[in-house]
S.K.: 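Sharing a structure, written as structure tokens. Questions coming.
Reckoned from all heavy atoms, side chains included, excluding hydrogens, waters and symmetry mates.
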Amino acid sequence: MATLTVPKTVPSVSEDCEQLRKAFSGWGTNEGLVIDILGHRNAEQRRLIRQTYAEAHGEDLLKALDKELSNDFERVVLLWTLDPAERDALLANEATKKWTSSNQVLMEIACTRSANQLLHARQAYHARYKKSLEEDVAQHTSGDFRKLLLPLVSSYKYEGDEVNMTLAKSEAKLLHEKISHKAYNDEDLIRVLATRSKAQINATVNHYKNEYGNDINKDLKADPKDEFLALLRATVKCLVRPERYFEKVLRLAINRRGTDEGALTRVVTTRAEVDLKIIADEYQRRNSVPLDRAIAKDTHGDYEKMLLVLSGHVES
């Protein structure tokens, strides 16, 4: 469930564009107006606003926003205003450029988008960077990480509900054997995670737990400091229970000394139109604090206001 709220009656696209132009005029920027408009428009409405703004004013709205806004507020508004596929392309490119073995953004994009969304992100990557996501992932990662990430970002998975239970049982056995022998980088283990549908993987990990007594991620915790194992666990979580993966990202972003604004902004902007309500429910269940209250406590100013609007917070 999404948290984005769009008014029942939305002004015309040209009116939104004129109001945004007005927000940029004169001394200082009317940040509240920017939030009121862009924070309450869906992806298609934002796309039309960008298109109409460029036609009317001869300037890309993103460039205007870049000139007028700053810091974390600028980042959240720019990411939100981007088409979802462009946004994923940008986030993936940043992840390859700044890649470290603890960076899970590439896996997150590959495992929590639909087959078509991932395909569109790869196409947007071509258009924006004049090369493929796959070649950048191959260039900037290495070893076991490349072995896992490359097939994940290249995949186009089946999305139906059909499940082959015979296959689920045989692959649960295969995964158990590989994990028992600490063959975490085994080609077959990676093949299962990178190619099977989410429904099929769900059936496999359920059978794994029923047959072998442990959650698969518990067995993948043999060495808590091993970052490849951490990535494998996160991959399984993203494929099977994405709300738990995102809850943990938010918990680590908010509950540390100094907020990780990059992670907080990424999760809110990429999930507000998808399942942020489910993630927020999981956050409250896990932390006994509503997500919007945690965000309000840890952020401030226009950045806080934009995050709260996207997370569905209603002023009492």
Side-chain angles (χ1 to χ4, degrees), residues 1-2 84 88 104-121 144 147-222 228-251 267 270-271 273-286:
M1 287 170 61
D88 281 345
Q104 297 183 348
V105 176
L106 291 167
M107 177 283 303
E108 178 186 303
I109 291 169
C111 295
T112 62
R113 306 313 190 246
S114 70
N116 277 336
Q117 286 168 344
L118 184 55
L119 176 64
H120 292 152
D144 292 343
K147 205 171 172 182
L148 175 63
L149 289 169
L150 200 49
L152 283 177
V153 301
S154 311
S155 69
Y156 188 85
K157 291 186 174 192
Y158 173 67
E159 295 195 309
D161 293 328
E162 286 80 2
V163 166
N164 181 331
M165 286 311 296
T166 306
L167 185 65
K169 288 175 184 176
S170 68
E171 291 192 333
K173 185 182 179 194
L174 171 99
L175 293 177
H176 186 257
E177 284 172 1
K178 301 302 179 187
I179 292 168
S180 298
H181 293 108
K182 301 195 173 184
Y184 306 119
N185 62 355
D186 181 86
E187 284 180 8
D188 281 328
L189 185 152
I190 288 170
R191 173 185 57 78
V192 171
L193 295 179
T195 64
R196 296 298 183 210
S197 72
K198 290 183 182 179
Q200 186 66 40
I201 288 175
N202 231 319
T204 301
V205 299
N206 284 339
H207 186 76
Y208 185 104
K209 186 171 185 178
N210 293 339
E211 189 68 20
Y212 304 109
N214 260 352
D215 189 281
I216 188 170
N217 268 4
K218 195 168 184 184
D219 286 347
L220 285 169
K221 261 192 178 160
F228 180 67
L229 276 184
L231 183 62
L232 271 182
R233 290 194 302 274
T235 301
V236 172
K237 202 181 274 189
C238 269
L239 292 169
V240 177
R241 294 295 297 272
E243 72 279 7
R244 289 190 176 176
Y245 166 82
F246 285 116
E247 181 281 323
K248 185 176 181 183
V249 174
L250 288 173
R251 177 163 28 99
V267 174
T270 59
R271 309 315 292 180
E273 288 183 273
V274 186
D275 57 359
L276 190 55
K277 175 71 173 70
I278 298 166
I279 295 163
D281 289 346
E282 179 67 17
Y283 186 93
Q284 178 153 5
R285 187 191 71 77
R286 180 77 169 65

S.K.: On a heavy-atom basis, which atom in Glu243 and which in Ile278 lie closest, and how many Å separate them?
M.R.: CB-CG2, 3.8 Å

S.K.: First locate atom NE2 of His120, then atom CG of Leu118, and finally report the distance between them rounded to the nearest 0.5 Å.
M.R.: 10.5 Å

S.K.: Between Glu171 and Arg196 (salt bridge meaning N to carboxylate O under 4.0 Å), is one present in this structure?
M.R.: yes

S.K.: Just do the side-chain contact (heavy atoms from CB on, under 4.5 Å) check on Met1 and Asp281 with the steps written out, would you?
M.R.: CA-CA 10 Å; Met1 287 170 61; Asp281 289 346; over 6 Å; no

S.K.: For Asn116 and Tyr156, which heavy atoms make the closest approach, and how far apart are they?
M.R.: OD1-OH, 2.7 Å

S.K.: Looking only at atom types and distance, does a side-chain atom of Glu211 sit under 3.5 Å from a main-chain N or O of Lys169, one as donor and one as acceptor?
M.R.: no

S.K.: May I have the step-by-step check of side-chain contact (heavy atoms from CB on, under 4.5 Å) for Asp144 and Ile190, ending in yes or no?
M.R.: CA-CA 10 Å; Asp144 292 343; Ile190 288 170; over 6 Å; no

S.K.: Give the intermediate values and the outcome of side-chain contact (heavy atoms from CB on, under 4.5 Å) for residues Glu108 and Phe246.
M.R.: CA-CA 9 Å; Glu108 178 186 303; Phe246 285 116; 3.6 Å; yes

S.K.: Measuring from Asp219:CG to Leu175:CG, what's the distance to the nearest 0.5 Å?
M.R.: 10.5 Å

S.K.: Taking C-beta and beyond as the side chain, do His176 and Ile179 meet within less than 4.5 Å on heavy atoms?
M.R.: no

S.K.: Do we see a donor-acceptor contact under 3.5 Å between the side chains of Tyr208 and Asp215?
M.R.: no

S.K.: Please check if the side chain of Lys198 supplies one atom and the backbone of Cys111 the other of a donor-acceptor pair under 3.5 Å.
M.R.: yes

S.K.: Which atom pair, heavy atoms only, marks the closest approach of Ile216 to Val205?
M.R.: CG2-CG1, 3.9 Å

S.K.: Considering all heavy atoms of both residues, which atom of Ala172 and which atom of Tyr212 are nearest to each other, and what is their separation?
M.R.: O-CE1, 3.8 Å

S.K.: Are Leu239 and Lys157 side-chain neighbours, meaning at least one heavy-atom pair lies under 4.5 Å?
M.R.: yes

S.K.: Nearest heavy-atom pair of Leu152 and Leu193: which atoms, and what distance?
M.R.: CD2-O, 4.0 Å

S.K.: Any heavy-atom pair between the side chains of Ser114 and Glu159 that's under 4.5 Å?
M.R.: yes

S.K.: Does Arg233 use its side chain to pair, donor to acceptor, with the backbone of Leu220 at less than 3.5 Å?
M.R.: yes

S.K.: Could you check if a side-chain atom of Gln200 sits within less than 4.5 angstrom of a side-chain atom of Leu167, using non-hydrogen atoms only?
M.R.: yes

S.K.: Please name the pair of heavy atoms, one in Lys277 and one in Ala2, separated by the smallest distance, quoted to 0.1 Å.
M.R.: CB-O, 4.1 Å

S.K.: Regarding Arg251 and Glu247, does a basic nitrogen lie under 4.0 Å from an acidic carboxylate oxygen?
M.R.: yes

S.K.: Rounded to the nearest 0.5 Å, how far apart are NZ of Lys173 and NE2 of His207?
M.R.: 10.0 Å

S.K.: Quick check: are there more than 12 heavy atoms from other residues, nucleotides or ligands sitting under 6.0 Å from CG of Asp161?
M.R.: no

S.K.: Once rounded to the nearest 0.5 Å, what's the spacing between atom CG of Leu174 and atom CD of Glu177?
M.R.: 6.5 Å

S.K.: To the nearest 0.5 Å, tell me how far Tyr184 OH sits from Leu189 CG.
M.R.: 10.0 Å

S.K.: With heavy-atom distances below 4.5 Å as the criterion, would you say the side chains of Asp88 and Arg113 are in contact?
M.R.: yes

S.K.: Rounded to the nearest 0.5 Å, what separates atom CE in Met107 from atom CD in Gln104?
M.R.: 4.5 Å

